[in-house]
Amino acid sequence: MRIGITGTGLFTPPHSISNDELVAAFNTWVDNENAKRAQTGEKPLEKSSAEFITSASGIGRRYAMDRTGILDPDLMRPQIANRSNEMHSIQCEMAIAAAKEAMAQAGVSAGDIGAVILACSNQQRSYPAVAVEVQEALGTKGFAFDMNVACSSATFGINIAHDLVRAGSVERALVVSPEICTGHLNFRDRESHFIFGDACTAVIVEDLEKSKAKEAWEIMGTRLATKFSNNIRNNAGFLDRCDPEHRDDVDKLFVQRGRAVFKEVSPMVADLISTHLESVGVAPTDIRRMWLHQANGTMNQWIARKVLGRDATATESPSVLEEYANTSSCGSIITFHKHRAELAEGDVGVICSFGAGYSVGSVIVKKRIAGDAPQAA
Ligand code: CO8
């Protein structure tokens, strides 16, 4: 049975924020804070710098669902209005936009889809699952559920979609990842205020025998790994109201030890991709592209070098960090969405995401053009 990705979609939020704008807001807040600290004799806070952000991460700007609140030194958080239960939730709205593009690319309608998997780092509520709302809004059949493996959510979702199709549970599944990272980012933390942006991706996974798509990316294999770590953590949760004194503590937002993450996750990722390639009989020299998680440019260069045994070119390991920043689970999928068109029939690539958990998800894909007969293993 051949199963593949036949469509992808991307929703890009309407507002963009440059490093300079973000740093200006942060530094105005620091000046205000330090004026207060001067009165009390507290140690002054250090300023942020756009040069540091670009050189340490490769990030130049990010998209956000709201920019006014983020750039207001008195607020420094997105302002996203509550909605009534009669309206689509904001994550549902993002998912619909991305899903429509993916469905059009795959040449399928909502009624052809048997499962919706909403896979992302943060769901805006516990229940009803946002995925079920997306199912209702689009008119897809079967069932839907939410899942969360932080930055690796989309590749884990693709793995589950693949297995559902293989098991015969559905012919076709939609994986959507509406990431509103700015909603849980501490814009007053110098170490991390620049890292994230918002986006939503969508992926159609289907039985290629039943596909109408002109082009498909056959899934040659998927591999997942997790290993517990506190180095990327967000303690926000439904029990927060049970201890109101700590409800607004900084650990209720994204916190990481970035350097430790870099050192510990990079070898884990390189090892997983290398052993995964070996298991499907593909030599590293035979892969044409690596669509890696978009957290840090230097990290991706290190991983690609380890896997390929040499430096990867910007074409072989493309980046969207400059424009999108880290969009959590969307990163590798945005890169796949934007940087695959020119590849040829039979070209092989790896989609790989990694992040909190720790978690790593790898999906090895081969380009197929409609009408191409399956090759012998
Ligand atoms: N401006 C100026 N200087 C700064 C700033 C700043 N903003 N921040 C830190 N510095 C200074 C530090 O104080 C330090 O100074 P000194 O050398 O004098 O002590 C110096 O810069 C170097 O600091 P670091 O060692 O922290 O800098 P790094 O080179 O390690 O770069 C990075 C920091 C960019 C964060 C880098 O470590 C990194 O990218 N690491 C990998 C992180 C990663 O991959 N994380 C994955 C997270 S994504 C995920 O799992 C999803 C979670 C769920 C989504 C959550 C959404 C909110």
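Predicted model, so just to flag it, every value in this text is computed and none were measured. Positions are given from 1, in the same order as the sequence printed here. Values below: all heavy atoms of this structure, side chains included; hydrogens, waters and symmetry mates excluded.
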Could you walk me through whether Asp249 and His246 satisfy the side chain to side chain donor-acceptor pair (under 3.5 Å) test, starting with their C-alpha distance in whole Å, then the side-chain angles of each, then the deciding distance to 0.1 Å, before giving a yes or no? CA-CA 5 Å; Asp249 287 357; His246 293 287; 2.6 Å; yes

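- Around atom CD of Glu278, no more than 12 heavy atoms belonging to other residues, nucleotides or ligands sit under 6.0 Å away.
- One hydrophobic cluster, built from ILVMFWY side chains closer than 4.5 Å, cannot hold both Leu343 and Leu308; they sit in different ones.
- Atom OH of Tyr127 sits in a sparse spot, with 12 or fewer heavy atoms from other residues, nucleotides or ligands closer than 6.0 Å.
- For His293 and Phe354, the ring centers are positioned less than 6.0 Å apart.
- Two residues are said to be in side-chain contact when any heavy atoms from C-beta on lie closer than 4.5 Å; Val205 and Ile3 meet this criterion.
- Judged by distance alone, the side chains of Tyr358 and Asn231 do bring a donor and an acceptor atom under 3.5 Å apart.
- Counting only distance, with no hydrogens or angles, the side chain of Gln124 and the backbone of Gln91 share a donor-acceptor pair below 3.5 Å.
- No side-chain donor from either of Gln135 and Thr140 sits under 3.5 Å from a side-chain acceptor of the other.
- Panel note: side chain Trp291, backbone His339; a donor-acceptor pair is recorded below 3.5 Å.
- Taking a cutoff of 4.0 Å between a charged side-chain nitrogen and a carboxylate oxygen, Lys367 and Glu345 do not qualify as a salt bridge.
- No donor-acceptor distance shorter than 3.5 angstrom exists from the side chain of Asn19 to the backbone of Glu51, with no hydrogens or angles considered.
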May I have the step-by-step check of ring pair (Phe, Tyr, Trp, His ring centres under 6.0 Å) for Trp302 and Phe262, ending in yes or no? CA-CA 10 Å; Trp302 190 95; Phe262 192 112; 7.8 Å; no

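- If you look at Phe187 and Phe26, their ring centroids are not closer than 6.0 Å.
- The backbone N or O of His276 sits less than 3.5 Å from a side-chain atom of Ser279, completing a donor-acceptor pair.
- Under 4.0 Å is where a charged nitrogen must lie from a carboxylate oxygen, and between Glu264 and Lys227 no such pair does.
- Smallest separation of non-hydrogen atoms from Cys181 and Phe196: CB-CB, 3.4 Å.
- Side chain of Thr327 to backbone of Gly331: a donor-acceptor contact under 3.5 angstrom is found.
- Annotation: salt bridge (charged side-chain N to carboxylate O under 4.0 Å, His left out) contacts involving residues 315-342, sequence neighbours excluded, comprise Arg61-Glu322, Glu215-Arg340, Arg289-Glu342, Arg310-Glu316.
- Judged by distance alone, the side chain of Glu101 and the main-chain N or O of Leu10 form a donor-acceptor pair under 3.5 Å.
- For the residue pair Lys366 and Gly346, the shortest heavy atom distance occurs at CG-O, 3.7 Å.
- When all heavy atoms of Ala325 and Arg62 are compared, the closest pair comes out as CB-CB, 3.7 Å.
- Without hydrogens or angle criteria, Asp240 side chain to Gly237 main chain gives a donor-acceptor distance under 3.5 Å.
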Under the side chain to side chain donor-acceptor pair (under 3.5 Å) criterion, do Ser353 and Thr155 qualify, and how do the steps go? CA-CA 7 Å; Ser353 59; Thr155 51; 2.6 Å; yes

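- Gln294 places no side-chain N or O within 3.5 Å of a backbone atom of Asn326 that could act as its donor or acceptor partner.
- Following chains of ILVMFWY side-chain contacts shorter than 4.5 Å, one can reach Ile117 starting from Ile351, so the two form part of one hydrophobic cluster.
- Of all non-hydrogen atoms in Ser121 and Cys151, the two that sit nearest each other are OG-N, 3.8 Å.
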Using side chain to side chain donor-acceptor pair (under 3.5 Å), reason through Asn34 and Arg37 one step at a time and then give a plain yes or no. CA-CA 5 Å; Asn34 284 347; Arg37 285 175 177 234; 4.5 Å; no

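- Of all non-hydrogen atoms in Leu272 and Ala225, the two that sit nearest each other are CD1-CB, 3.5 Å.
- Nearest heavy atom pair, residue Ser192 against residue Phe254, reads CB-CE2, 4.0 Å.
- Surrounding NZ of Lys252 are more than 12 heavy atoms belonging to other residues, nucleotides or ligands, all under 6.0 Å away.
- A donor-acceptor contact shorter than 3.5 Å links the side chain of Asp347 to the backbone of Ala344.
- No donor-acceptor contact under 3.5 angstrom links the side chains of His337 and Thr201, judged on distance only.
- A salt bridge links Lys210 with Asp207; the closest basic N to acidic carboxylate O contact falls under 4.0 Å.
- Using a 4.0 Å cut-off between a side-chain N of Lys or Arg and a carboxylate O of Asp or Glu, Lys141 and Glu171 do not qualify as a salt bridge.
- Formation of a donor-acceptor pair under 3.5 Å by the Glu179 side chain with backbone atoms of Ser328 is not found in this model.
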